[in-house]
Amino acid sequence: MESNFTNLDLGIFVIYIVGIIGLGLYASRKSTGESKRDYFLAGDKLPWWMIGGSIIAANISSHHLVGVMGVAYERGFVAIVIEWGAILVGFNVLLWVFLPFYIRNGFYTMPEFLQKRFGGGARTTYSILVLLTYIFVEISAVLYLGAISLQSLLGIPMLASILFLAVFTGVYTVLGGLRAVVWTEMLQLAVLVLGMVALSYYTIDASGGFEAIVESSKDWELMLPANDPDFPWTMYLGGLLCISIFYNATNQFIVQRTLAAKNEWHARMGVIFADYLKFLIPLLIIIPAIVAPKIFPDLEKPDLLFSMLVEHLLPTGLVGLVMAGLIAAIMSHLSGAINSCTTILTIDVYLPYFRPNASEAASIRFGRITGVLVILIGILCTGVLVFYSEKPIFIYLLNAYGLFTPGIATMFLMGIFWKGTTHAGALTAGLLTIPLSLAVEYFFPEMPFFNRTGIVFWTCMLLCVLVSLVSQRKSEAELEGLIWTKESLSLPKSERDQQKGWRNPFIWWAIVMVMVLYFYIRYA
């Protein structure tokens with residue numbers, strides 16, 4: 001099949017890149033001379049639609065357009081369980097458990113919650129684990145997958161593609177902080193959705209139209225046997241549970257946008273709006289990949305499916321739009337990860353351990369310097385993934401998350417639900433998560449990574465309980481306002497007037513839950 005990429009597509013692509021960088025630089029000017037809260041949390045001024053949109057714009061990236069599409073091509077509809085699992089598990093835990101504590105305490109970061117609940121050791125442990133996750137999993141994988149597509153479609157060498165994506169995204173992110181990140185993310189989300197609608201339409205049309213979807217739906221499955229190497233049904237007992245809770249409820253990268261909300265009502269509605277986007281956008285990614293074997297039946301490398309569909313199916317003009325959508329997804333994800341790294345390094349490392357009395361200007365300056373360093377380290381780590389080719393790269397990402405997340409999820413869940421959890425218990429879970437994960441992988445190399453993650457998660461929970469029972473717990477007074485109660489389900493009294501009638505978050509939450517559960521029941 002001949003490539004449809006023309007100079008018109010290249011022009012559209014270049015115009016988009018110039019436009020998004022210009023918007024980011026314009027937004028960055030708004031942060032000049034402002035406070036830490038303005039730089040790291042956009043001045044607490046985000047409305048619900050920007051919160052939800054930016055959460056998904058930051059979340060959906062090249063490892064979805066390229067990685068998830070590759071998994072769906074190879075494994076089918078089950079690839080969507082990670083995305084919808086976030087709706088059923090992670091976002092629900094954020095919405096109904098943790099969000100009130102984050103907002104009402106005025107936190108900048110997730111480690112601040114652990115500092116207040118346990119102490120400095122838990123805060124530092126989380127910071128180290130999550131920074132490793134961002135640099136080795138988020139930034140490096142996104143750069144790698146984006147570079148694959150740019151090389152395939154435009155012929156740009158891998159190294160040049162990686163440097164291009166990292167440098168241009170880093171410029172406006174480092175200069176403008178969260179405000180520049182969110183402004184650009186909203187435009188990027190719109191371009192991403194338009195691009196995926198176009199790609200879905202032409203792929204489905206070329207594969208036989210709606211009938212092809214109906215035919216493929218006969219094989220849709222959301223629950224696979226326990227011995228499946230990638231998606232065993234047992235993942236719902238622990239692996240998917242802890243990864244989803246970490247990623248969507250205790251992850252600075254995602255939660256930071258809710259911390260910047262105008263108030264708690266906007267934060268809650270923002271998470272629910274993200275639920276709807278999380279329901280719809282994965283369908284635009286998964287369904288084209290499921291019917292694509294009718295067009296490209298023997299792809300040797302599933303991760304190349306996205307670039308093959310774009311290059312050979314889309315008409316002139318739309319190729320450039322969809323490529324702009326890919327770059328939008330990459331840049332929004334990178335900017336979010338970089339901004340989260342700089343926030344944690346400044347608020348949880350620099351200020352408490354090095355310069356507690358640093359001025360607002362000094363804190364922002366440190367954040368910008370660390371942003372540059374994070375970008376450089378991310379570029380170096382991307383080289384590791386060049387040699388990973390046994391499975392679709394998205395499987396690698398999930399596997400990597402399984403190393404870091406069991407201990408983090410344990411610290412947060414035990415800390416907020418059980419008064420008896422001690423600092424020593426939380427540290428035990430956090431420090432042992434990687435050694436336990438590596439040990440299980442070494443002794444049981446054939447075990448599905450979701451099962452391995454689940455075993456480590458419940459082991460961390462057990463060890464946390466045992467150590468907590470024999471160590472000093474905090475007093476009732478010290479725990480006031482830090483343990484979950486039924487009051488956490490309700491908005492503060494000052495905001496309850498905002499949720500009357502159709503403005504009630506519960507109504508909109510219930511609707512999206514019914515939609516997701518229907519698919520699980522129908523295709524279990």
Side-chain angles (χ1 to χ4, degrees), residues 35-48 50-52 54-55 90-120 122-123 126-127 178 182 245-246 248-275 340 343-344 347-348 351-352 408-409 411-419 421 423 426 474-500 503-506 508-509:
S35 66
K36 293 196 303 291
R37 198 120 193 127
D38 184 82
Y39 182 77
F40 294 114
L41 293 180
D44 297 316
K45 296 177 182 178
L46 297 187
W48 64 269
M50 291 191 77
I51 294 168
S54 64
I55 285 175
F91 282 145
N92 275 338
V93 173
L94 172 61
L95 186 63
W96 304 116
V97 178
F98 287 106
L99 190 60
F101 295 90
Y102 298 153
I103 298 292
R104 295 170 194 178
N105 284 285
F107 293 143
Y108 281 87
T109 67
M110 301 300 96
E112 285 184 296
F113 171 81
L114 295 177
Q115 169 79 49
K116 194 167 184 178
R117 175 61 181 88
F118 298 117
R123 181 183 193 174
Y126 173 98
S127 299
L178 187 62
V182 172
I245 289 173
F246 158 73
N248 300 290
T250 69
N251 181 2
Q252 182 72 25
F253 177 62
I254 295 296
V255 179
Q256 186 165 341
R257 285 132 180 87
T258 66
L259 305 183
K262 289 182 177 181
N263 56 37
E264 194 171 319
W265 182 87
H266 280 278
R268 288 180 186 255
M269 286 301 295
V271 174
I272 294 169
F273 181 45
D275 278 337
S340 295
T343 303
I344 289 175
I347 303 300
D348 299 298
L351 291 178
I408 295 175
M411 288 193 290
F412 276 85
L413 288 173
M414 295 296 289
I416 204 165
F417 282 121
W418 184 38
K419 293 181 180 180
T421 309
H423 193 187
K474 286 191 172 184
S475 66
E476 292 285 338
E478 291 176 299
L479 295 176
E480 186 175 353
L482 291 174
I483 302 298
W484 188 89
T485 65
K486 288 190 293 185
E487 287 297 316
S488 304
L489 298 174
S490 302
L491 287 169
K493 291 182 180 179
S494 60
E495 298 180 34
R496 289 178 187 173
D497 286 342
Q498 295 186 47
Q499 65 174 2
K500 291 181 178 179
R503 291 173 59 85
N504 190 328
F506 182 82
W508 296 102
W509 169 81

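Position 1 is the first residue of the sequence, and the numbers go up from there.
Ile408 contributes atom CD1, which lies 11.5 Å from atom CG of Leu413 (distance to the nearest 0.5 angstrom). Annotation: the span from Met269 atom CE to Lys262 atom NZ amounts to 13.5 Å, rounded to 0.5 Å. Between the CZ atom of Arg503 and the CH2 atom of Trp265 there is a distance of 4.0 Å, given to the nearest 0.5 Å. For the atom pair Gln115 CD and Phe107 CZ, the distance stands at 9.5 Å (nearest 0.5 Å). To the nearest 0.5 angstrom, Leu95 atom CG is 12.0 Å from Asn248 atom CG. Phe506 contributes atom CZ, which lies 6.5 Å from atom CH2 of Trp96 (distance to the nearest 0.5 angstrom).
In this structure, Leu259 and Tyr108 have side chains that are not in contact, with every pair of non-hydrogen atoms separated by 4.5 Å or more. No side-chain heavy atom of Phe273 sits less than 4.5 Å from a side-chain heavy atom of Ile51. Between Lys116 and Leu482 there is a side-chain heavy-atom pair separated by less than 4.5 Å. Side-chain contact between Glu476 and Lys419: present, with at least one pair of heavy atoms (C-beta onward) separated by less than 4.5 Å.
Gln256 and Thr343 are linked by a side-chain donor-acceptor pair at a separation below 3.5 angstrom, with hydrogens and angles left out of the test.
A donor-acceptor pair under 3.5 Å is absent between the side-chain atoms of Glu112 and the main chain of Gly106, judged by distance alone. With hydrogens and angles disregarded, a donor-acceptor distance shorter than 3.5 Å links the side chain of His423 to the backbone of Ala122. A distance-only check finds no donor-acceptor pair linking the side chain of Tyr126 to the backbone of Met411 [under 3.5 Å]. With Arg117 contributing its side chain and Thr421 its backbone, the two residues share a donor-acceptor pair below 3.5 Å.
Annotation: cation-pi pair Arg268/Trp509 absent, no NZ/CZ under 6.0 Å from the ring centroid and within 45° of its normal.
Taking all atoms of both residues into account, the shortest heavy-atom contact from Ala274 to Ile55 is CB-CG2, 4.1 Å.
Using cut-offs of 30° and 60° for the angle between ring planes, the Tyr102 and Phe412 rings count as perpendicular.
Residue-environment remark: CD (Glu480) stays at or below the threshold of 12 foreign heavy atoms within 6.0 Å.
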